[in-house]
Amino acid sequence: MRVVTTAQSPVDLVDLEVQPTPLALLLLGREADPKSERGVECPGDLPSPSDPDLVERARAAKEKLGDKVFVLGHHYQRDEVIQFADVTGDSFKLARDAAARPDAEYIVFCGVHFMAESADILTGDDQKVVLPDLAAGCSMADMATAEQVAECWDVLTEAGIAEQVVPVSYMNSSADIKAFTGKHGGTICTSSNAKRALEWAYAQGDPASTKVLFLPDQHLGRNTAVRDMGFSLDDCVVYNPHKPNGGLTVEQLRDAKMILWRGHCSVHGRFSLESVEDVRARIPGVNVLVHPECKHEVVAAADYVGSTEHIIKPLEAAPAGSKWAIGTELNLVRRLANRFAAEDKEIVFLDKTVCFCSTMNRIDLPHLVWTLESLAEGNLVNQIQVDRETEQFAKMALERMLALP
(Lines give C-alpha, C1' and ligand atoms only; values in the text may rest on other atoms or scores of the structure.)
Protein backbone atom coordinates (compact mmCIF):
# COMPACT_ATOMS: atom_id res chain seq x y z
CA MET A 1 0.00 0.00 0.00
CA ARG A 2 1.07 3.56 -0.71
CA VAL A 3 -0.22 6.67 1.05
CA VAL A 4 -0.71 9.67 -1.23
CA THR A 5 -1.44 12.96 0.50
CA THR A 6 -3.99 15.12 -1.26
CA ALA A 7 -5.27 18.58 -0.44
CA GLN A 8 -8.21 17.00 1.38
CA SER A 9 -6.89 13.94 3.19
CA PRO A 10 -4.50 11.02 2.91
CA VAL A 11 -5.88 8.40 0.52
CA ASP A 12 -4.77 4.79 0.46
CA LEU A 13 -4.05 3.59 -3.04
CA VAL A 14 -3.32 0.06 -4.14
CA ASP A 15 0.00 -0.15 -5.93
CA LEU A 16 -0.86 -1.83 -9.21
CA GLU A 17 2.78 -1.74 -10.30
CA VAL A 18 1.89 0.11 -13.47
CA GLN A 19 5.08 1.45 -15.01
CA PRO A 20 5.14 4.74 -16.93
CA THR A 21 5.88 4.40 -20.61
CA PRO A 22 9.19 5.78 -21.95
CA LEU A 23 7.22 8.58 -23.61
CA ALA A 24 5.55 9.49 -20.33
CA LEU A 25 8.91 9.58 -18.60
CA LEU A 26 10.25 11.80 -21.37
CA LEU A 27 7.41 14.28 -20.98
CA LEU A 28 7.84 14.26 -17.22
CA GLY A 29 11.51 15.14 -17.63
CA ARG A 30 12.73 11.90 -16.06
CA GLU A 31 14.31 10.58 -19.23
CA ALA A 32 16.04 12.11 -22.23
CA ASP A 33 16.04 11.19 -25.89
CA PRO A 34 19.52 11.92 -27.30
CA LYS A 35 18.32 11.02 -30.80
CA SER A 36 15.50 13.54 -30.77
CA GLU A 37 15.67 16.09 -33.55
CA ARG A 38 15.76 19.57 -32.17
CA GLY A 39 12.96 21.76 -33.40
CA VAL A 40 9.57 22.99 -32.31
CA GLU A 41 7.69 19.70 -32.37
CA CYS A 42 7.32 17.75 -29.16
CA PRO A 43 7.03 13.99 -28.59
CA GLY A 44 3.52 13.28 -27.35
CA ASP A 45 2.05 16.36 -28.98
CA LEU A 46 -1.31 17.48 -27.65
CA PRO A 47 -4.27 15.67 -29.21
CA SER A 48 -6.67 17.48 -31.47
CA PRO A 49 -10.11 18.27 -30.04
CA SER A 50 -12.28 15.17 -30.36
CA ASP A 51 -15.37 17.09 -31.48
CA PRO A 52 -14.96 18.48 -35.02
CA ASP A 53 -17.74 20.98 -34.33
CA LEU A 54 -15.95 22.69 -31.43
CA VAL A 55 -14.48 25.51 -33.52
CA GLU A 56 -17.85 26.39 -34.99
CA ARG A 57 -19.53 26.17 -31.58
CA ALA A 58 -16.96 28.56 -30.10
CA ARG A 59 -17.49 31.02 -32.95
CA ALA A 60 -21.25 30.86 -32.58
CA ALA A 61 -21.19 31.41 -28.82
CA LYS A 62 -18.71 34.28 -29.09
CA GLU A 63 -20.81 35.90 -31.81
CA LYS A 64 -23.93 35.56 -29.68
CA LEU A 65 -22.21 37.26 -26.73
CA GLY A 66 -20.89 40.08 -28.93
CA ASP A 67 -19.39 43.01 -27.02
CA LYS A 68 -20.45 41.48 -23.70
CA VAL A 69 -17.38 39.22 -23.75
CA PHE A 70 -13.68 40.05 -24.07
CA VAL A 71 -11.34 37.10 -24.47
CA LEU A 72 -7.71 37.38 -23.36
CA GLY A 73 -5.11 34.90 -24.62
CA HIS A 74 -1.69 34.52 -23.01
CA HIS A 75 1.23 33.85 -25.35
CA TYR A 76 1.66 30.36 -23.90
CA GLN A 77 -1.83 29.21 -24.84
CA ARG A 78 -2.53 26.63 -27.53
CA ASP A 79 -3.24 27.83 -31.07
CA GLU A 80 -6.74 26.36 -30.90
CA VAL A 81 -7.48 28.76 -28.03
CA ILE A 82 -5.46 31.77 -29.23
CA GLN A 83 -7.55 31.97 -32.40
CA PHE A 84 -10.51 33.16 -30.31
CA ALA A 85 -8.58 35.76 -28.29
CA ASP A 86 -9.46 39.41 -28.82
CA VAL A 87 -5.97 40.34 -27.62
CA THR A 88 -2.82 38.36 -26.89
CA GLY A 89 0.11 39.22 -24.64
CA ASP A 90 1.84 38.54 -21.35
CA SER A 91 -0.01 38.47 -18.05
CA PHE A 92 0.17 42.14 -17.10
CA LYS A 93 -0.52 43.46 -20.60
CA LEU A 94 -3.65 41.33 -20.70
CA ALA A 95 -4.83 42.52 -17.28
CA ARG A 96 -4.41 46.13 -18.40
CA ASP A 97 -6.20 45.37 -21.68
CA ALA A 98 -9.10 44.01 -19.66
CA ALA A 99 -9.20 47.15 -17.51
CA ALA A 100 -9.33 49.21 -20.69
CA ARG A 101 -12.58 47.49 -21.71
CA PRO A 102 -15.05 48.62 -19.02
CA ASP A 103 -18.05 47.88 -21.24
CA ALA A 104 -17.30 44.16 -21.42
CA GLU A 105 -19.45 42.32 -18.91
CA TYR A 106 -17.38 39.13 -19.09
CA ILE A 107 -13.59 38.90 -19.20
CA VAL A 108 -12.61 35.38 -20.22
CA PHE A 109 -8.95 34.93 -19.30
CA CYS A 110 -7.21 32.14 -21.18
CA GLY A 111 -4.21 31.91 -18.89
CA VAL A 112 -3.70 30.78 -15.30
CA HIS A 113 -5.21 31.63 -11.94
CA PHE A 114 -2.96 34.48 -10.78
CA MET A 115 -3.53 36.25 -14.11
CA ALA A 116 -7.28 36.11 -13.70
CA GLU A 117 -6.90 37.44 -10.15
CA SER A 118 -4.90 40.42 -11.43
CA ALA A 119 -7.57 41.09 -14.05
CA ASP A 120 -10.26 41.02 -11.35
CA ILE A 121 -8.27 43.49 -9.25
CA LEU A 122 -7.85 45.93 -12.13
CA THR A 123 -11.32 45.69 -13.69
CA GLY A 124 -14.56 47.27 -12.53
CA ASP A 125 -16.85 45.84 -9.87
CA ASP A 126 -19.54 45.19 -12.45
CA GLN A 127 -17.22 43.09 -14.62
CA LYS A 128 -16.88 39.35 -14.13
CA VAL A 129 -13.56 37.60 -14.75
CA VAL A 130 -13.83 33.96 -15.81
CA LEU A 131 -11.13 31.26 -15.97
CA PRO A 132 -12.22 28.42 -18.29
CA ASP A 133 -10.57 25.77 -16.10
CA LEU A 134 -10.15 26.47 -12.40
CA ALA A 135 -7.35 23.89 -12.26
CA ALA A 136 -5.15 26.13 -14.45
CA GLY A 137 -2.77 27.31 -11.77
CA CYS A 138 0.90 28.24 -11.70
CA SER A 139 3.49 26.14 -9.91
CA MET A 140 5.70 29.20 -9.33
CA ALA A 141 2.90 31.23 -7.77
CA ASP A 142 2.03 28.26 -5.56
CA MET A 143 5.59 28.16 -4.19
CA ALA A 144 4.88 31.17 -1.96
CA THR A 145 1.81 31.02 0.29
CA ALA A 146 0.55 33.84 2.49
CA GLU A 147 1.38 31.83 5.62
CA GLN A 148 4.94 31.13 4.48
CA VAL A 149 5.60 34.76 3.58
CA ALA A 150 4.18 35.97 6.91
CA GLU A 151 6.52 33.55 8.69
CA CYS A 152 9.42 34.85 6.62
CA TRP A 153 8.60 38.40 7.70
CA ASP A 154 8.67 37.22 11.32
CA VAL A 155 12.16 35.80 10.71
CA LEU A 156 13.29 39.12 9.24
CA THR A 157 11.77 40.96 12.20
CA GLU A 158 13.55 38.73 14.71
CA ALA A 159 16.80 39.31 12.82
CA GLY A 160 16.27 43.05 13.29
CA ILE A 161 16.19 43.89 9.58
CA ALA A 162 12.49 43.95 8.63
CA GLU A 163 12.46 47.77 8.63
CA GLN A 164 15.25 47.72 6.05
CA VAL A 165 13.48 45.27 3.75
CA VAL A 166 11.28 46.28 0.80
CA PRO A 167 9.28 43.43 -0.76
CA VAL A 168 9.20 43.24 -4.54
CA SER A 169 6.87 40.59 -5.91
CA TYR A 170 6.81 39.25 -9.42
CA MET A 171 3.56 39.52 -11.33
CA ASN A 172 3.50 35.72 -11.28
CA SER A 173 2.22 35.58 -7.72
CA SER A 174 -1.10 35.12 -6.00
CA ALA A 175 -3.34 38.00 -4.97
CA ASP A 176 -2.45 37.23 -1.34
CA ILE A 177 1.25 37.78 -2.02
CA LYS A 178 0.53 40.97 -3.94
CA ALA A 179 -1.52 42.16 -0.96
CA PHE A 180 1.33 41.34 1.44
CA THR A 181 3.63 43.38 -0.80
CA GLY A 182 1.24 46.32 -0.78
CA LYS A 183 0.82 46.23 3.00
CA HIS A 184 4.59 46.30 3.55
CA GLY A 185 5.37 49.18 1.24
CA GLY A 186 6.56 47.17 -1.73
CA THR A 187 5.79 46.98 -5.42
CA ILE A 188 5.01 44.46 -8.12
CA CYS A 189 7.25 43.91 -11.14
CA THR A 190 7.13 42.16 -14.47
CA SER A 191 10.04 40.46 -16.20
CA SER A 192 10.44 43.56 -18.37
CA ASN A 193 10.51 46.20 -15.61
CA ALA A 194 12.18 44.25 -12.78
CA LYS A 195 15.27 46.48 -12.88
CA ARG A 196 13.18 49.64 -12.48
CA ALA A 197 11.25 48.05 -9.65
CA LEU A 198 14.45 47.12 -7.81
CA GLU A 199 15.92 50.59 -8.34
CA TRP A 200 12.74 52.05 -6.86
CA ALA A 201 12.91 49.66 -3.89
CA TYR A 202 16.51 50.54 -3.02
CA ALA A 203 15.63 54.23 -3.22
CA GLN A 204 13.05 53.84 -0.44
CA GLY A 205 15.75 53.95 2.23
CA ASP A 206 19.48 54.18 2.69
CA PRO A 207 20.89 52.39 -0.40
CA ALA A 208 23.73 51.04 1.73
CA SER A 209 21.42 49.20 4.12
CA THR A 210 18.16 48.64 2.22
CA LYS A 211 17.39 45.06 1.26
CA VAL A 212 14.86 43.52 -1.11
CA LEU A 213 12.78 40.43 -0.44
CA PHE A 214 12.09 39.17 -3.96
CA LEU A 215 9.07 36.89 -4.40
CA PRO A 216 8.51 34.22 -5.67
CA ASP A 217 11.01 33.59 -8.51
CA GLN A 218 14.61 33.41 -7.37
CA HIS A 219 15.99 33.35 -10.93
CA LEU A 220 14.39 36.58 -12.14
CA GLY A 221 15.52 38.31 -8.95
CA ARG A 222 19.08 37.01 -9.17
CA ASN A 223 19.43 37.70 -12.90
CA THR A 224 18.14 41.24 -12.54
CA ALA A 225 20.36 42.04 -9.57
CA VAL A 226 23.54 40.52 -10.99
CA ARG A 227 23.16 40.98 -14.72
CA ASP A 228 21.38 44.33 -14.82
CA MET A 229 22.41 46.08 -11.60
CA GLY A 230 25.99 44.96 -11.02
CA PHE A 231 25.42 43.02 -7.80
CA SER A 232 27.52 39.98 -7.04
CA LEU A 233 26.18 36.50 -6.46
CA ASP A 234 27.38 36.86 -2.87
CA ASP A 235 24.95 39.75 -2.42
CA CYS A 236 22.10 37.27 -2.90
CA VAL A 237 20.83 34.64 -0.49
CA VAL A 238 17.99 32.17 -1.04
CA TYR A 239 15.24 31.90 1.57
CA ASN A 240 13.84 28.36 1.71
CA PRO A 241 10.36 28.41 3.30
CA HIS A 242 10.63 24.71 4.08
CA LYS A 243 13.62 25.16 6.42
CA PRO A 244 13.79 26.83 9.86
CA ASN A 245 14.65 30.51 9.44
CA GLY A 246 14.66 29.94 5.70
CA GLY A 247 17.86 27.91 6.03
CA LEU A 248 19.79 31.14 6.68
CA THR A 249 21.70 32.55 9.63
CA VAL A 250 21.04 36.00 11.04
CA GLU A 251 24.43 37.08 9.69
CA GLN A 252 23.56 35.93 6.17
CA LEU A 253 20.29 37.84 6.27
CA ARG A 254 21.98 40.99 7.58
CA ASP A 255 24.75 40.84 4.99
CA ALA A 256 22.48 40.19 2.00
CA LYS A 257 21.26 42.82 -0.44
CA MET A 258 18.81 40.48 -2.14
CA ILE A 259 16.79 37.90 -0.23
CA LEU A 260 15.48 35.60 -2.93
CA TRP A 261 12.47 33.37 -2.34
CA ARG A 262 13.13 29.75 -3.28
CA GLY A 263 10.72 29.57 -6.19
CA HIS A 264 11.04 28.98 -9.90
CA CYS A 265 9.15 28.39 -13.14
CA SER A 266 8.75 24.70 -13.87
CA VAL A 267 9.40 25.32 -17.59
CA HIS A 268 12.11 27.99 -17.60
CA GLY A 269 13.88 26.51 -14.59
CA ARG A 270 14.70 23.34 -16.51
CA PHE A 271 16.74 24.89 -19.30
CA SER A 272 20.40 24.14 -18.65
CA LEU A 273 23.86 25.32 -19.66
CA GLU A 274 24.16 22.00 -21.46
CA SER A 275 21.15 22.98 -23.57
CA VAL A 276 22.92 26.15 -24.67
CA GLU A 277 26.23 24.41 -25.40
CA ASP A 278 24.49 21.63 -27.30
CA VAL A 279 22.47 23.91 -29.57
CA ARG A 280 25.57 25.97 -30.41
CA ALA A 281 27.35 22.77 -31.44
CA ARG A 282 24.40 21.61 -33.53
CA ILE A 283 23.56 24.92 -35.21
CA PRO A 284 26.60 27.09 -36.00
CA GLY A 285 25.86 30.80 -35.73
CA VAL A 286 22.68 30.30 -33.74
CA ASN A 287 21.44 33.15 -31.54
CA VAL A 288 20.34 31.98 -28.09
CA LEU A 289 17.44 34.00 -26.68
CA VAL A 290 16.07 33.13 -23.23
CA HIS A 291 13.60 34.35 -20.67
CA PRO A 292 15.03 35.88 -17.43
CA GLU A 293 13.21 33.21 -15.40
CA CYS A 294 15.95 30.81 -16.59
CA LYS A 295 18.83 29.88 -14.28
CA HIS A 296 21.66 32.37 -13.95
CA GLU A 297 24.19 30.23 -15.82
CA VAL A 298 21.77 29.89 -18.74
CA VAL A 299 21.13 33.63 -18.88
CA ALA A 300 24.88 34.33 -18.67
CA ALA A 301 25.54 32.02 -21.62
CA ALA A 302 22.74 33.38 -23.81
CA ASP A 303 23.11 36.05 -26.48
CA TYR A 304 19.83 37.78 -25.65
CA VAL A 305 17.59 37.85 -22.59
CA GLY A 306 14.07 39.18 -22.57
CA SER A 307 10.55 38.95 -21.22
CA THR A 308 7.85 37.20 -23.18
CA GLU A 309 7.02 40.37 -25.10
CA HIS A 310 10.71 41.19 -25.63
CA ILE A 311 11.43 37.74 -27.02
CA ILE A 312 9.20 38.58 -29.99
CA LYS A 313 10.80 41.93 -30.88
CA PRO A 314 14.34 40.70 -31.75
CA LEU A 315 12.82 38.09 -34.01
CA GLU A 316 10.81 40.72 -35.83
CA ALA A 317 13.97 42.76 -36.41
CA ALA A 318 16.21 39.80 -37.26
CA PRO A 319 17.55 39.45 -40.80
CA ALA A 320 16.39 36.70 -43.11
CA GLY A 321 18.44 33.55 -42.77
CA SER A 322 19.22 34.08 -39.09
CA LYS A 323 18.99 31.17 -36.68
CA TRP A 324 17.49 31.29 -33.20
CA ALA A 325 17.15 28.94 -30.25
CA ILE A 326 14.48 30.16 -27.84
CA GLY A 327 14.32 29.28 -24.17
CA THR A 328 10.69 29.76 -23.23
CA GLU A 329 7.37 27.89 -23.37
CA LEU A 330 6.91 25.71 -26.44
CA ASN A 331 3.52 27.00 -27.62
CA LEU A 332 5.02 30.46 -28.13
CA VAL A 333 8.23 29.14 -29.72
CA ARG A 334 6.31 27.00 -32.18
CA ARG A 335 3.97 29.88 -33.05
CA LEU A 336 6.97 32.15 -33.70
CA ALA A 337 8.66 29.47 -35.82
CA ASN A 338 5.58 29.21 -38.00
CA ARG A 339 5.18 32.98 -38.18
CA PHE A 340 8.72 33.71 -39.33
CA ALA A 341 9.28 30.67 -41.54
CA ALA A 342 8.24 32.68 -44.61
CA GLU A 343 11.05 35.14 -43.80
CA ASP A 344 13.60 32.33 -43.82
CA LYS A 345 14.28 32.65 -40.09
CA GLU A 346 15.06 29.34 -38.42
CA ILE A 347 13.59 29.17 -34.92
CA VAL A 348 14.00 26.12 -32.70
CA PHE A 349 13.24 25.20 -29.11
CA LEU A 350 16.29 25.43 -26.85
CA ASP A 351 15.80 22.07 -25.17
CA LYS A 352 14.85 18.60 -26.34
CA THR A 353 12.68 17.36 -23.51
CA VAL A 354 10.92 20.37 -21.96
CA CYS A 355 7.55 20.67 -23.60
CA PHE A 356 4.38 22.58 -22.81
CA CYS A 357 3.48 24.35 -19.58
CA SER A 358 1.07 21.76 -18.19
CA THR A 359 -1.08 24.24 -16.28
CA MET A 360 -1.36 26.73 -19.15
CA ASN A 361 -2.48 23.88 -21.37
CA ARG A 362 -5.40 23.04 -19.14
CA ILE A 363 -7.20 25.81 -21.00
CA ASP A 364 -8.22 23.87 -24.09
CA LEU A 365 -10.90 24.30 -26.70
CA PRO A 366 -13.50 22.11 -24.95
CA HIS A 367 -13.19 24.22 -21.77
CA LEU A 368 -13.38 27.45 -23.77
CA VAL A 369 -16.46 26.27 -25.67
CA TRP A 370 -18.17 25.25 -22.43
CA THR A 371 -17.35 28.64 -20.91
CA LEU A 372 -18.59 30.70 -23.87
CA GLU A 373 -21.75 28.65 -24.33
CA SER A 374 -22.55 28.87 -20.62
CA LEU A 375 -22.14 32.65 -20.65
CA ALA A 376 -24.21 32.92 -23.83
CA GLU A 377 -27.00 31.03 -22.03
CA GLY A 378 -26.80 33.41 -19.07
CA ASN A 379 -24.97 31.01 -16.75
CA LEU A 380 -21.92 32.49 -15.02
CA VAL A 381 -19.26 29.84 -14.51
CA ASN A 382 -15.77 29.77 -12.96
CA GLN A 383 -15.79 33.39 -11.81
CA ILE A 384 -12.57 34.56 -10.17
CA GLN A 385 -13.17 37.00 -7.33
CA VAL A 386 -10.59 38.57 -5.03
CA ASP A 387 -11.95 39.65 -1.65
CA ARG A 388 -12.12 43.38 -0.93
CA GLU A 389 -9.30 43.64 1.60
CA THR A 390 -6.90 41.58 -0.49
CA GLU A 391 -7.85 43.58 -3.56
CA GLN A 392 -7.23 46.87 -1.76
CA PHE A 393 -3.66 46.08 -0.76
CA ALA A 394 -2.81 44.17 -3.95
CA LYS A 395 -4.00 47.11 -6.03
CA MET A 396 -1.81 49.39 -3.93
CA ALA A 397 1.26 47.35 -4.92
CA LEU A 398 0.18 47.23 -8.56
CA GLU A 399 -0.36 50.99 -8.64
CA ARG A 400 3.17 51.53 -7.31
CA MET A 401 4.42 49.55 -10.28
CA LEU A 402 2.28 51.57 -12.68
CA ALA A 403 3.83 54.75 -11.25
CA LEU A 404 7.38 53.58 -11.96
CA PRO A 405 9.22 55.85 -14.42
Side-chain angles (χ1 to χ4, degrees), residues 29 75-76 90-92 112 114 138-144 148-149 152 167-174 177 181 186-198 201 211-243 246-248 256-277 288-311 325-330 332-333 349-351 354 357-360:
H75 284 307
Y76 297 166
D90 61 16
S91 58
F92 186 61
V112 293
F114 78 80
C138 171
S139 58
M140 180 200 294
D142 291 342
M143 290 176 189
Q148 289 173 331
V149 176
C152 171
V168 174
S169 292
Y170 190 20
M171 192 72 184
N172 299 29
S173 58
S174 69
I177 300 308
T181 304
T187 187
I188 308 301
C189 76
T190 67
S191 52
S192 58
N193 71 2
K195 179 183 178 183
R196 280 179 288 166
L198 289 181
K211 308 174 188 299
V212 164
L213 171 63
F214 195 90
L215 299 152
D217 180 27
Q218 61 169 307
H219 300 305
L220 176 61
R222 182 183 294 105
N223 288 327
T224 305
V226 176
R227 181 177 181 271
D228 299 333
M229 300 183 66
F231 286 21
S232 72
L233 290 174
D234 292 337
D235 291 324
C236 308
V237 296
V238 177
Y239 182 96
N240 186 343
H242 303 292
K243 292 185 177 180
L248 299 168
K257 292 286 291 179
M258 286 284 289
I259 303 170
L260 305 169
W261 193 264
R262 190 176 182 268
H264 64 274
C265 170
S266 59
V267 172
H268 293 117
R270 289 182 55 196
F271 292 111
S272 66
L273 182 58
E274 181 184 2
S275 302
V276 179
E277 294 171 344
V288 177
L289 171 57
V290 302
H291 194 282
E293 289 176 17
C294 292
K295 297 174 183 176
H296 180 68
E297 58 267 27
V298 174
V299 167
D303 300 300
Y304 301 91
V305 181
S307 65
T308 305
E309 291 286 337
H310 285 83
I311 282 174
I326 312 297
T328 193
E329 207 273 344
L330 181 55
L332 175 59
V333 179
F349 193 55
L350 179 59
D351 195 80
V354 180
C357 173
S358 59
T359 50
M360 277 281 186

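Hydrogens, waters and symmetry mates are skipped; everything else that's a heavy atom, side chains included, is used.
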Is there side-chain contact between [X] and [Y], with at least one heavy-atom pair below 4.5 Å?
X    : Y    : answer
M143 : R262 : no
L220 : F214 : yes
R270 : D351 : no
N172 : E293 : yes
I177 : P216 : no

Nearest heavy-atom pair of [X] and [Y]: which atoms, and what distance?
X    : Y    : answer
V305 : L289 : N-CD1, 4.1 Å
C357 : E329 : N-OE2, 2.7 Å
E297 : L273 : O-CD1, 3.9 Å
V299 : P292 : CG2-CA, 4.3 Å
T187 : A197 : CG2-CB, 4.1 Å
L198 : A225 : CD1-N, 4.3 Å

Output the distance between atom [atom1] ([X]) and atom [atom2] ([Y]), rounded to the nearest 0.5 Å.
X    : Y    : atom1 : atom2 : answer
M229 : K257 : CE    : NZ    : 8.5 Å
Q148 : N240 : CD    : CG    : 9.0 Å
T359 : Y76  : OG1   : OH    : 11.0 Å

### Message
Under a 3.5 Å cutoff, is there a donor and acceptor pairing between the side chains of S232 and D235?
### Response
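Yes - a donor-acceptor pair under 3.5 Å links their side chains.
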
#### Entry: ring-ring contact (aromatic ring centres under 6.0 Å, His included) against F114, all qualifying residues, sequence neighbours excluded
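Applying ring-ring contact (aromatic ring centres under 6.0 Å, His included) to F114 gives none.
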
### Query
Which of parallel (below 30°), tilted (30 to 60°) and perpendicular (above 60°) describes Y239 and W261?
parallel

### The single option from M171, H310, E309 passing side chain to side chain contact (heavy atoms under 4.5 Å, CB included) against S192
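Only one of M171, H310, E309 forms a side chain to side chain contact (heavy atoms under 4.5 Å, CB included) with S192, namely H310.
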
### side-chain contact (heavy atoms from CB on, under 4.5 Å) between T328 and H268, worked out
CA-CA 6 Å; T328 193; H268 293 117; 2.8 Å; yes

### Query
Looking only at atom types and distance, does a side-chain atom of K211 sit under 3.5 Å from a main-chain N or O of A256, one as donor and one as acceptor?
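Yes, because the side chain of K211 sits within donor-acceptor range (under 3.5 Å) of the backbone of A256.
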
#### Entry: Intermediate values then yes/no, side-chain contact (heavy atoms from CB on, under 4.5 Å), S307 and T190
CA-CA 8 Å; S307 65; T190 67; over 6 Å; no

### With H219 via side chain to side chain contact (heavy atoms under 4.5 Å, CB included) - residues at least two apart
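H219 satisfies side chain to side chain contact (heavy atoms under 4.5 Å, CB included) with D217, R222, N223, H264, K295 only.
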
### Query
Considering residues at least two apart in sequence or located in another chain, which fulfil the side-chain hydrogen bond (donor to acceptor under 3.5 Å, both in side chains) criterion with H291?
none

### Task
Would you check, one step at a time, whether the test side-chain contact (heavy atoms from CB on, under 4.5 Å) holds for L213 with C152?
CA-CA 10 Å; L213 171 63; C152 171; 4.1 Å; yes

